[in-house]
Amino acid sequence: LAFIVSYLYFRWVQEKQRKSTFATQNPNYCPMEYIADEWEIKRASVIIGEKIGKGAFAVVHKGTYVNPKGGPTEVAIKMPHEDAEHLECMQFLQEAHLMKEIKAVHVVQLVGVVSVNLPYMVLLEYMALGDLRTYLTTHRPNSEFNLTNKPPPTFARMYQMALEIADGMAYLANQIKSVVHRDLAARNCLVSAQGIVKIADFGMARQVYDNYQKHGPGKMPVRWMSPEALRGEFSTKTDVWSYGVVLWEIVTLGDLPYPGLSHNEVMQFVDHQKVMPKPESCPEHFYSLMRRCWHRHLWQRPTFLDIAQELQPWANERFLRESYLTSQEGKSALKAQR
Ligand code: ADP
């Protein structure tokens, strides 16, 4: 028996080696390759710190990028899981490639890529307060996670967060970029040390969705998906629906949407043209905005620019100084929309 076990182990190791050599040596094996460019960072200028997160497809560390020109910068370092296949690694780098075009205050910024040595790395702007869902749950009164007794966000603060997310999404959705996120949820928004909320994971969205699909509907973010997204049709208006669910997450301080319903029940619920009721203590206007995002007809849903404009009265000074909505580009997009 020992002989059989060691023989099988030997064959397994051989097969694994064959696969990885094949993958790296045979260019036809992988339909995509990543070509290093001006975003490439030397491995030696990256200091990897503590692990801060683990997603479905990558592990995330805090770290420092020692830029020869600009000095040290705090970064988040994303690396594919150790057992990721070559193709998944290439997808990981390709998706980072998408982020190179993107520069907006309310979208998490790419800092650089390490693609010529292993492990592959994607360096992102460091968002010290973590993902929005955790941020919300740790601000709940009487929560065991609220260790320092932080006060819950005021409604004005909630509106500010909603505005920042709408602004980031308006930038991504504009005609030039036309990025459809597909996985907009509080867990995919990140909060900076100054409390600014930014959109993350949009570059990864396609891959994330394909992976969700590959692993079955149980893994799809159905609670954030519109009726047409559940049928496989995506557009910026399906992102608007998800945005409505994010508003619901904000006002409930990070509850799971459609509480008490299973995945399948959520799909049926949405299919029967039902929407979540107004959460207790939710301002009427906030709920009315959610309801408009959840309109059955796509054309009746507001655009992200409409939403940002509607929420602008809650903008702080920083937002008025630097946001997509108040930029030249944003103003022209708004004009073009009318
Ligand atoms: P995946 O895309 O593989 O699901 P995520 O991007 O969701 O991985 O990252 C997992 C976790 O890592 C997040 O929930 C967050 O806590 C942390 N994280 C990701 N990016 C950053 C960042 N730029 N700054 C700070 N923390 C981050």
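Numbering of ligands and ligand atoms starts at 1, following listing order. As a basis for the values below, the full set of heavy atoms in this structure was taken, side chains included, without hydrogen atoms, waters or symmetry mates.
Near Ile52, meaning under 4.0 Å from any of its heavy atoms, are these atoms of ligand 1: 25 (C), 26 (N). Using a 4.0 Å cut-off to heavy atoms of Ala76, the atoms of ligand 1 that qualify are 21 (C), 22 (C), 23 (N), 24 (N). Atoms of ligand 1 lying under 4.0 Å from any heavy atom of Glu125, numbered from 1 in the order shown and given with element: 22 (C), 23 (N), 24 (N). Residue Leu190 has at least one heavy-atom neighbour below 4.0 Å for each of these atoms of ligand 1: 20 (N), 21 (C), 22 (C), 23 (N). Counting atoms of ligand 1 from 1 in the listed order, those under 4.0 Å from a heavy atom of Gly53 are 11 (C), 12 (O).
Both tests hold for Arg187 against Trp224: distance to the six-membered ring centre under 6.0 Å, angle to the ring axis within 45°. By the 6.0 Å and 45° rule, Arg223 does not stack over the aromatic ring of Tyr258.
For ligand 1, none of its N or O atoms has an N or O atom of Gly130 under 3.5 Å away. Close N/O approach between Tyr126 and ligand 1 is not found [any backbone or side-chain N/O within under 3.5 Å]. Distances between N or O atoms of Asp201 and those of ligand 1 include at least one value under 3.5 Å.
Other residues, nucleotides and ligands contribute at most 12 non-hydrogen atoms within 6.0 Å of the CD atom of Glu101.
Put simply, the side chain of His139 never gets that close to the backbone of Pro153: no donor and acceptor are under 3.5 Å apart. Judged by distance alone, with hydrogens and angles left aside, the side-chain atoms of His272 form no donor-acceptor pair with the main-chain N or O of Lys274 at under 3.5 Å.
Residue Lys78 places a heavy atom less than 4.0 Å from ligand 1.
Both the backbone and the side chain of Ala58 come within 4.0 Å of ligand 1, judged by heavy-atom distances.
Rounded to the nearest 0.5 Å, atoms CZ (Arg291) and CE (Met276) are 11.0 Å apart.
Taking the six-membered ring for Trp and thresholds of 30 and 60 degrees, Phe304 and Tyr243 have ring planes more than 60 degrees apart, a perpendicular arrangement.
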